[in-house]
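Both backbone and side-chain heavy atoms feed into the values below; hydrogens, waters and symmetry mates do not. Each ligand, and each atom within it, is numbered from 1 in the order the structure gives.
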Amino acid sequence: MTTFDSLPLQPALLASVQTLGYEQMTPVQAQSLPPMLQERDVIAQAQTGSGKTAAFGLALLQSLEASTIRLQALVLCPTRELADQVSKAIRRLAANIPNVKLLTLCGGMPLGPQLASLTHDPHIVVGTPGRVQEHLKRGSLHGGGIRTLVLDEADRMLDMGFSEAIDDIVKRIARHHQTLLFSATWPEAIRAVSQRLQHDPVEVTVEAAPEARPSIEQRFIDVEPARKPEALAQLLATERDQHALVFCNMRRDVDAVAQELDRRGFSALALHGDMEQRDRDEVLVRFANRSCNVLVATDVAARGLDIAALPLVISYDMAHDPDTHTHRIGRTGRAGQAGLAIALCTPREKPKAENLEQVLGTPLSWQALKLAPPRGKTLHLAPMKTLVIDAGRQDKLRPGDILGALTGEAGLGADDVGKIDVFATRAYVAVTRSLANKALERLRAGRIKGRNFRVRPLG
Ligand code: AMP
């Protein structure tokens with residue numbers, strides 16, 4: 001049986017599942033929920049899009065006692081983006097259980113406000129290992145009542161060097177707890193973590209049924225190194241609707257490739273791991289709101305990105321190893337939408353392709369790319385443009401205020417206003433590119449709540 005009501009879940013959780021419109025369990029949920037609800041340790045192979053968050057979210061909420069003011073569940077994630085996404089998902093699942101307090105604690109954020117919100121223990125903490133460890137060490141977080149520990153995207157946490165922090169966290173929390181480990185890949189290091197931290201775990205590996213597996217078309221293209229920029233631009237111009245993620249192996253190439261694409265008329269942005277959090281947020285906002293159509297990133301920077309199914313993922317360089325390749329292509333074709341993953345491969349990179357072929361056990365599909373003769377510059381700009389307002393939640397600014405200011409009398413049509421993101425001290429709004437100046441004028445004319453906030457266009 002694969003319906004949720006076949007599980008011994010409390011009515012409040014069944015109600016949430018129903019509200020969210022989940023009818024059937026996904027394969028990962030069907031296999032992992034029964035043992036998790038029996039409080040067994042579970043190690044599950046699960047990718048983003050498999051429904052893993054709801055699986056461990058339901059498990060940890062089922063055993064939570066909201067009337068006991070104590071930290072009872074800890075979810076560790078590799079990145080802030082993922083932690084935010086997981087927090088949101090758990091909040092939605094907990095919507096029918098009164099008084100559940102969940103806190104997100106991530107690095108890269110000031111400690112002060114976190115300490116202030118920790119005067120009472122939350123029931124659930126979702127966070128990145130370094131920061132959670134710091135709070136446990138300081139005594140601002142108390143792990144003695146933890147019943148469920150979740151390691152989400154454990155392989156990525158290890159890749160990012162969080163292994164020691166995780167071991168130290170485990171030493172600082174209740175000895176008897178359930179450990180749920182979710183990981184897209186199971187290299188030796190993951191098995192070692194499981195052996196160290198789990199007790200007689202139930203293993204869940206899901207061979208996705210063909211119809212459930214997102215259909216991803218993979219293509220490999222032979223290209224000389226010097227022709228890569230041209231090949232990339234041509235692929236972006238001809239494939240799909242150009243909303244694409246491009247992976248480079250090296251940080252320095254990320255900038256160069258983004259600049260080159262920009263020069264060729266795309267709205268391209270670079271994302272690296274060591275960007276300031278604010279710049280990183282800004283890039284992600286612009287990609288998500290369609291005012292940037294090509295995001296160029298390293299694998300590290302792209303970890304945990306909360307980006308909905310992308311139509312196209314391109315490896316500008318062949319991934320160093322098959323696991324990385326798998327992570328990359330997992331960014332496309334999510335949630336039942338077909339995706340396309342293209343990899344550029346130079347003669348020197350051929351051994352990587354051969355290795356991948358061996359690991360996959362199926363021949364790679366090669367495609368010849370005929371480079372078109374250069375024409376004049378064609379613009380492939382993103383459909384939207386972002387305006388940034390130097391005011392945010394701290395100024396009590398809400399998305400509705402911005403929408404209202406833009407769409408009032410003789411203003412923009414509602415269709416010309418895209419995603420609005422309000423942060424603590426700034427807000428971003430996407431507007432139809434050709435109307436950006438008009439939108440800017442309206443916002444500058446002091447129409448947001450009658451106040452004069454600084455507004456400027458990005459890009
Ligand atoms: P995740 O793998 O946790 O990132 O979840 C992927 C997406 O699937 C999320 O948008 C969930 O809301 C959705 N989802 C999770 N479980 C189910 C389900 N049983 N039926 C339909 N959608 C689901």
> Please list the nearest protein heavy atom to atom 13 (C) of ligand 1 with its residue and the distance rounded to 0.1 Å.
Tyr22 OH, 3.9 Å
> Distance alone, cut at 3.5 Å: any donor-acceptor contact between the side chains of His272 and Thr298?
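No pair is found: no donor N or O on one side chain lies under 3.5 Å from an acceptor on the other.
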> Is there a protein heavy atom at a distance of less than 4.0 Å from atom 4 (O) of ligand 1?
yes
> Relative to the heavy atoms of Thr53, which atoms of ligand 1 are at a distance of less than 4.0 Å?
1 (P), 3 (O), 4 (O)
> From atom 18 (C) of ligand 1, is the closest protein heavy-atom distance below 4.0 Å?
yes
> The test is side chain to side chain contact (heavy atoms under 4.5 Å, CB included); show your working for Phe182 and Glu153 and say whether it passes.
CA-CA 6 Å; Phe182 287 78; Glu153 302 206 352; over 6 Å; no
> Give a yes or no on whether the backbone of Gly392 and the side-chain of Thr425 come within a donor-acceptor separation of less than 3.5 Å.
no
> Do Arg219 and Glu217 meet the salt-bridge criterion of a basic N to acidic O distance under 4.0 Å?
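A salt bridge links Glu217 with Arg219.
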> Would you find a donor on one side and an acceptor on the other, under 3.5 Å apart, between the side chain of Arg290 and the backbone of Ala382?
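Checking the backbone N and O of Ala382 against the side chain of Arg290, no donor-acceptor pair under 3.5 Å is found.
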> Under 3.5 Å, side chain of Gln29 to main-chain N/O of Gly51, donor-acceptor pair present?
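Here the side-chain-to-backbone pair exists.
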> Which of the atoms in ligand 1, numbered in the order shown and given with their element, are less than 4.0 Å from a heavy-atom of Ser50?
2 (O)
> Among all the protein's non-hydrogen atoms, which is closest to atom 6 (C) of ligand 1, and how far away is it?
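For atom 6 (C) of ligand 1, the nearest protein heavy atom comes out as Gly49 CA, 3.6 Å.
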> Show which atoms of ligand 1 fall inside a sub-4.0 Å distance from at least one heavy-atom site of Gln24.
18 (C), 19 (N), 20 (N)
> Give a yes or no on this: more than 12 heavy atoms of other residues, nucleotides or ligands lie within 6.0 Å of atom CD of Glu276.
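Atom CD in Glu276 is not packed in, count stays at 12 or less.
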> Indicate yes or no: does an N/O atom of Phe4 lie under 3.5 Å from an N/O atom of ligand 1?
no
> Decide yes or no on side chain to side chain contact (heavy atoms under 4.5 Å, CB included) for Ile90 and Leu61, but give the supporting numbers first.
CA-CA 8 Å; Ile90 295 179; Leu61 288 168; 4.2 Å; yes
> Check the side chains of Thr185 and Asp155 for a donor-acceptor pair under 3.5 angstrom, ignoring hydrogens and angles.
yes
> For ligand 1, which is the ligand I care about here, please tell me if Met25 has any N or O atom under 3.5 Å from one of the ligand's N or O atoms.
no
> Is there any N or O on Gln85 that sits under 3.5 Å from an N or O of ligand 1?
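N/O-N/O distance below 3.5 Å does not exist for this pair.
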> Is the shortest N/O to N/O distance between Glu23 and ligand 1 below 3.5 Å?
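Between Glu23 and ligand 1, no N or O pair is found under 3.5 Å apart.
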> Does any N or O of ligand 1 fall below 3.5 Å from an N or O anywhere on Thr48, backbone included?
no
> Among all the protein's non-hydrogen atoms, which is closest to atom 16 (N) of ligand 1, and how far away is it?
Gln29 NE2, 2.8 Å
